[in-house]
Amino acid sequence: MARTFIRGGTVVSATGSQLLDVLIDGETIAAVVRPGSTALGVDLAANAEVVIDATGKYVIPGGVDGHTHMQMPFGGTEASDTFETGTRAAVFGGTTTIVDFVVQTPGVRLQDALASWHDKASGRCAIDYGFHQIVGEVTDESLKGMAELVSEGVTSFKLFMAYPGVFYSDDGKILRAMQTGAELGALLMMHAENGIAIDVLVAQALRRGETAPYYHGVTRPWQLEEEATHRAIMLAQVTGAPLYIVHVSAKQALEQIAQARGNGHNVFGETCPQYLYLSLEEQLGAPGFEGAKWVCSTPLRARAEGHQDELWRYLRTGDVTTVATDHCPFCMKDQKERGIGDFSKIPNGIGGVEHRMDLMFQGVKDGRLALERWVDVCCTTPARMFGMYPRKGVISPGADADIVVYDPNGHTSIGVGKTHHMNMDYSAYEGFEIDGHVDTVLSRGRVVVDDGRYVGSAGHGRFVRRALSQNLI
Ligand code: URP
Ligand code: ZN
Ligand code: ZN
């Protein structure tokens, strides 16, 4: 495979930025050197088959999106991106690794669920991918299966305090899974919402004739996210399991996480761009059935209550550890439309795998986030958290050559008919204008996006066997 030389760019890592050239040999990074350096005793540019000029641009590790749901069966339908369409869209936006969730449905062994996800993904992905496992049924057999999955490179397990009758686990089951996680050194991931209480509020709202998408948000109040987050943290403390709370949207839930972290506990918070940018009033409250586009759980929160600003602040303090997308796309036609007249039937999920790096870079431009923190929360920490570092998430010798050349003076218009490659008939971020642009993307040394054009292929992406999480806290 070719030797590639990226010259003239500013390499941005989680800890600093420097003018550096990057030499890639085959699939991995061979050297990172000062411009004009003769340290290796050779003219690097002259010896490379491919030279990429990154002058005036940032050179960053490929994005790692630790939370996606390609082709996920949910709400009586299936998430609309396949592994092929979803990973292609991801790479357009500078993401070079995803970690998708395998779903265990009742009666199915974890190992068999994993095998079916391998079947869906294998030979179809444009970029590398790993798996988390959703434990939909905590039984003796599932707990034994967790150990087997860890040896297969699936080292994190998601449980749900929401969705009774679907994925829900009660506190006893959660405790047992956490005990097993602690024994294995595996990461426990939690959807923290009090689903039992939510279901009562949903039934009451529907009886009152409150059927519009807006009531999806109203019936999932922040108190029920805060309460579940607190409970999950306490259960994790009893067992000693490290705990990662997914898709946090309420500032009060983050306060719980921040407190636990302040007391030295292995608790981590993930948020998503939708919770930083969108709101209950503006999006879920859109006229008619429009709000269905933004029905997801946890829900978008009220801007009037200040959640979005607080989430940005917690990103700066480090209590939000990672930014993922929770990419779970559904089309309006035939999918979201299932909930016309009853918001509880709208499949829950927002698609955004294509836009995370851009949306978070806009946070840098807006002065909400440091440049290095952008790389940290979108690339380096997810790689570390999910046992892929230093192969992923960093530009250093020996790492996979997953690299994005990002133009801070470029421009990206988000929307259907613009930069939209996800298999959705709308964009959750329609009309957003970003002061930056993904120019070139390399996945394991191969150029897969060239000047904004896709030149990759389905099947290039490989399964990443993940180690246990490293250097937590
Ligand atoms: O609304 C969401 N978040 N859909 C995906 C499933 C989940 O809970 O992550
Ligand atoms: Zn969830
Ligand atoms: Zn999710």
Side-chain angles (χ1 to χ4, degrees), residues 65-81 86 90 98-105 113 117 129-136 156-169 174 177 187-195 198-199 202 213 216-217 219-220 224-225 228-229 232 243-250 253 268-276 278 280 283-284 291-301 322-332 335-336 338-339 343-353 356 382 386 422 424 428:
D65 189 340
H67 190 155
T68 69
H69 302 279
M70 305 301 174
Q71 279 171 268
M72 182 201 196
F74 197 40
T77 179
E78 193 170 86
S80 56
D81 263 320
I98 59 162
V99 191
D100 201 81
F101 284 84
V102 175
V103 177
Q104 178 204 27
T105 41
W117 247 254
Y129 59 97
F131 293 134
H132 309 287
Q133 176 72 50
I134 288 174
V135 184
S156 40
F157 299 90
K158 183 179 178 190
L159 294 156
F160 288 76
M161 301 167 111
Y163 306 133
V166 188
F167 297 131
Y168 174 82
S169 291
I174 289 170
L187 187 65
L188 260 294
M189 308 173 84
M190 188 63 71
H191 180 134
E193 286 186 292
N194 184 329
I198 286 169
D199 274 9
V202 168
H216 171 79
T219 54
R220 305 180 92 91
L224 299 184
E225 185 183 346
T229 303
L243 176 66
Y244 178 97
I245 311 277
V246 296
H247 51 52
V248 180
S249 68
F268 307 94
E270 166 200 279
T271 196
C272 313
Q274 54 267 38
Y275 303 123
L276 294 161
L278 311 177
L280 172 73
Q283 276 76 31
L284 267 177
K293 292 175 176 172
W294 298 279
V295 164
C296 62
S297 298
T298 59
L300 303 184
R301 297 291 175 195
T322 58
V323 175
T325 56
D326 192 8
H327 178 75
C328 190
F330 297 100
C331 291
M332 279 295 267
Q335 293 197 298
K336 294 278 186 183
R338 299 164 76 93
F343 68 83
S344 72
K345 295 199 167 63
I346 301 169
N348 285 203
I350 286 185
V353 74
R356 182 184 61 127
F386 300 129
M422 299 174 287
M424 297 167 71

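Counting starts at 1 for both ligands and their atoms, in listed order. Numbers here simply count residues along the sequence, with the first being 1.
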Quiz item: Are any side-chain N or O atoms of Arg338 and backbone N or O atoms of Thr77, one a donor and one an acceptor, separated by less than 3.5 Å?
Solution: no
Quiz item: In terms of atom number and element, which parts of ligand 1 are under 4.0 angstrom from non-hydrogen atoms of His69?
Solution: 5 (C), 6 (C), 7 (C), 9 (O)
Exercise. Output yes when a side-chain donor or acceptor of Thr68 lies under 3.5 Å from a complementary backbone atom of Thr325, and no otherwise.
Key: no
Quiz item: At what distance is the nearest protein heavy atom to atom 1 (O) of ligand 1, and which residue and atom is it?
Solution: Ser297 N, 2.8 Å
Quiz prompt | Asp326, N/O/S atom nearest the Zn ion (ligand 3) | solution = OD1
Quiz item: Under 3.5 Å, is there a donor-acceptor pair between the side chain of Asp326 and the main chain of His247?
Solution: no
Practice problem: Determine whether Leu188 and Leu159 make a side-chain contact, defined as any pair of heavy atoms from C-beta on separated by less than 4.5 Å. | Solution: yes
Quiz item: Does Ser156 use its side chain to pair, donor to acceptor, with the backbone of His132 at less than 3.5 Å?
Solution: no
Quiz item: What is the closest protein heavy atom to atom 4 (N) of ligand 1, and at what distance does it sit?
Solution: Asn348 O, 3.0 Å
Quiz item: Just heavy atoms, cut-off under 4.0 Å: does Asp326 contact ligand 1 by side chain, backbone, both, or neither?
Solution: side chain
Exercise. Please could you name the atoms of ligand 1 that Cys296 approaches to less than 4.0 Å, counting only its heavy atoms?
Key: 1 (O)
Quiz item: When the ring planes of Tyr163 and Phe160 are compared, do they come out parallel, tilted or perpendicular, using 30° and 60° as the limits?
Solution: tilted
Practice problem: Could you list which atoms of ligand 1 come closer than 4.0 Å to a heavy atom of Lys158? | Solution: 7 (C), 8 (O), 9 (O)
Exercise. Say whether, by atom type as modelled, one donor and one acceptor occur between the side chain of Ser249 and the main chain of Pro299 under 3.5 angstrom.
Key: yes
Exercise. Find out whether Met190 and Thr229 are in side-chain contact, i.e. whether some heavy atom of one side chain is under 4.5 Å from a heavy atom of the other.
Key: no
Practice problem: Assess Phe160 for proximity to ligand 1: is some non-hydrogen atom of it under 4.0 Å away? | Solution: yes
Exercise. Tell me, please, if Lys158 has any N/O/S atom, main chain or side chain, under 2.8 Å from the Zn ion (ligand 2)?
Key: yes
Quiz item: Relative to each other, are the rings of Tyr244 and Phe386 parallel, tilted or perpendicular (30° and 60° limits)?
Solution: perpendicular
Exercise. Could you tell me whether ligand 1 has any atom less than 4.0 Å away from a heavy atom of Tyr163?
Key: yes
Quiz item: Of all N/O/S atoms in His247, which lies nearest to the Zn ion (ligand 2)?
Solution: NE2
Quiz item: Under 4.0 Å from any heavy atom of His191, which atoms of ligand 1 are there?
Solution: 8 (O)
Self-check item: His191: its N/O/S atom lying closest to the Zn ion (ligand 2) (atom name)
Solution: ND1
